[in-house]
Amino acid sequence: MPAPALPVNPAVISQRVASNPAAPNLAATLIFLTYNQQDYVREALQAALAQRGPPIEILISDDASSDATWDVITATLAGYGGPHQIRLNRNPTNLGVTAHINLCATLARHNILIAAAGDDVSEPDRVQKICAVFAGGNPLLVHSRVTPFPTPPPGAARPYEAAGLLRGLPLVRLALSQGLYIGATGAWHRDIFRQFGPLPERDCYEDLILGFRAALGNRVAFIDAPLVRYRINVGISAQITMPLQGEAWRAVRLKVLRRNRVVQEQRLRDARCFGLPEVSPVIRALQRDLVAQEMRTAFHTLSAGRYLRQFAHRPLLALRISLSERRRLRRAARGAD
């Protein structure tokens with residue numbers, strides 16, 4: 001079924017080019033995702049338009065930005081006469097990251113889906129290098145390194161470099177990891193959605209799901225080069241820098257635990273969809289982790305007495321979880337002093 005026509009601003013020239021008939025399955029869609037990025041979207045979009053190699057489809061989709069992001073997009077595209085096919089979508093209401101990606105995966109015309117955020121900058125050969133990897137193998141996911149900017153000071157933490165797929169962790173450890181690859185570098189084959197279905201549409205990041213799906217079949221390819229200039233301390237890559245304690249810390253902790261639970265529940269479904277038996281170490285590890293996530297949430301939402309009564313059948317694990325969450329709370333309190 002052909003992709004539906006998308007509304008295009010009359011001021012924008014939409015270039016339409018045919019897919020390469022010699023390699024129709026390697027035609028790529030660059031999914032350019034934006035939300036409230038008016039200060040950065042021009043540079044990011046110019047980098048998308050400047051991609052080298054054969055023409056591609058660039059699907060620019062804005063998730064109902066409340067700032068001037070859309071105006072900057074249309075101004076940047078006005079008069080564009082390059083080789084790439086431009087398609088525009090503007091959501092009438094905000095969907096959130098994963099629901100937005102689900103929508104764009106259905107709107108994209110091609111099997112190779114290359115994500116680009118409206119605050120990061122793709123290097124000019126990014127699409128070309130990714131397509132070459134897809135052409136040479138059978139990956140569901142291709143990812144790469146990044147160049148962080150502004151440049152972090154010497155000795156600054158770079159947690160994105162410790163992601164599980166970059167470290168080559170075994171599948172059972174990947175199943176328990178909350179950092180698999182740098183999401184801003186991701187490119188996927190459409191089969192990752194065809195085989196496992198859409199992403200969960202709440203409390204989730206796409207890389208935590210898609211990275212595990214690709215790892216299940218050992219269908220991950222890594223380009224050991226920085227193909228994205230990754231803007232740190234902006235958007236979802238920003239970390240909370242103000243120390244929190246008390247109820248403010250508890251609210252943030254509960255949000256993290258909700259996300260972890262949604263991720264692990266989806267990974268369990270995906271592992272079963274892939275065909276792993278119930279006795280596999282991966283299935284068992286996910287099941288144990290979901291029990292632990294339930295206990296961690298209960299620690300923050302129940303009284304001490306109710307917590308102990310609810311998990312009386314697993315007293316040692318309940319005690320260990322309780323001590324772990326208390327240590328987190330104490331560290332947060334010290335940080336706020």
Do you know the tightest heavy-atom contact between [X] and [Y]?
| X | Y | answer |
| --- | --- | --- |
| P83 | P55 | O-CB, 3.5 Å |
| F32 | T34 | CE2-CG2, 3.4 Å |
| V121 | A47 | CG1-CB, 3.6 Å |
| G211 | L141 | CA-CD2, 4.0 Å |
| T106 | L103 | OG1-O, 2.6 Å |
| L33 | C104 | CD2-SG, 3.7 Å |

Within the side chain of [X], is there an N or O that forms a donor-acceptor pair under 3.5 Å with the backbone of [Y]?
| X | Y | answer |
| --- | --- | --- |
| S324 | R320 | no |
| D120 | R231 | yes |
| T76 | V72 | yes |
| N111 | H189 | no |
| S177 | R173 | no |
| H84 | L30 | no |
| S122 | A48 | no |
| N102 | L199 | yes |
| Q38 | D67 | no |
| T29 | E57 | no |

Are [X] and [Y] linked, directly or through other ILVMFWY residues, by side chains that come within less than 4.5 angstrom of each other?
| X | Y | answer |
| --- | --- | --- |
| W188 | L216 | yes |
| F196 | V263 | yes |
| F212 | L176 | no |
| L317 | L308 | yes |
| I56 | I73 | yes |

Discussion item. Regarding E123 and R126, does a basic nitrogen lie under 4.0 Å from an acidic carboxylate oxygen?
Written reply: no
Got [X] and [Y] here, is their nearest side-chain heavy-atom distance under 4.5 Å?
| X | Y | answer |
| --- | --- | --- |
| L77 | L88 | yes |
| S61 | L107 | no |
| R219 | R213 | no |
| I101 | I31 | no |
| Q287 | E278 | yes |
| V133 | K129 | no |
| R261 | R296 | no |
| Q178 | Y205 | no |

What's the spacing between [X] [atom1] and [Y] [atom2] if we round to 0.5 Å?
| X | Y | atom1 | atom2 | answer |
| --- | --- | --- | --- | --- |
| D119 | E43 | CG | CD | 10.5 Å |
| D63 | N36 | CG | CG | 9.0 Å |
| T297 | F299 | OG1 | CZ | 11.5 Å |
| T93 | L95 | OG1 | CG | 5.5 Å |
| D207 | H143 | CG | NE2 | 11.0 Å |
| R272 | L286 | CZ | CG | 9.0 Å |

Item to complete: Start with the C-alpha distance between V291 and R314, add both sets of side-chain angles, then the distance that settles side chain to side chain contact (heavy atoms under 4.5 Å, CB included), and finish with yes or no.
Response: CA-CA 10 Å; V291 172; R314 305 193 71 167; 3.6 Å; yes
Worksheet item: side chain to side chain contact (heavy atoms under 4.5 Å, CB included) between N91 and N89: does it pass, once the steps are laid out?
Response: CA-CA 6 Å; N91 297 333; N89 174 62; 2.9 Å; yes
Response to the item:
ring-ring contact (aromatic ring centres under 6.0 Å, His included) filter on F311, not counting sequence neighbours, yields Y307
Worksheet item: Are side-chain N/O atoms of D270 and Q266 paired as donor and acceptor at under 3.5 Å?
Response: yes
Fill in: Exercise: do R267 and Q264 side chains pair donor with acceptor under 3.5 Å
yes
Item to complete: Please report the C-alpha distance between R331 and W249 in whole Å, then the side-chain angles of each, then the deciding distance to 0.1 Å, and finally whether the side chain to side chain contact (heavy atoms under 4.5 Å, CB included) criterion is met.
Response: CA-CA 11 Å; R331 287 198 298 269; W249 179 87; over 6 Å; no
Fill in: Test log, rule side chain to side chain contact (heavy atoms under 4.5 Å, CB included), inputs E294 and L290
CA-CA 6 Å; E294 179 186 1; L290 280 167; over 6 Å; no
Discussion item. If you count every heavy atom of other residues, nucleotides or ligands that lies below 6.0 Å from R326 atom CZ, does the total exceed 12?
Written reply: no
Practice prompt. Have a look at V220 and tell me which of V142, L174, L180, L165 forms a side chain to side chain contact (heavy atoms under 4.5 Å, CB included) with it.
Written response: L165
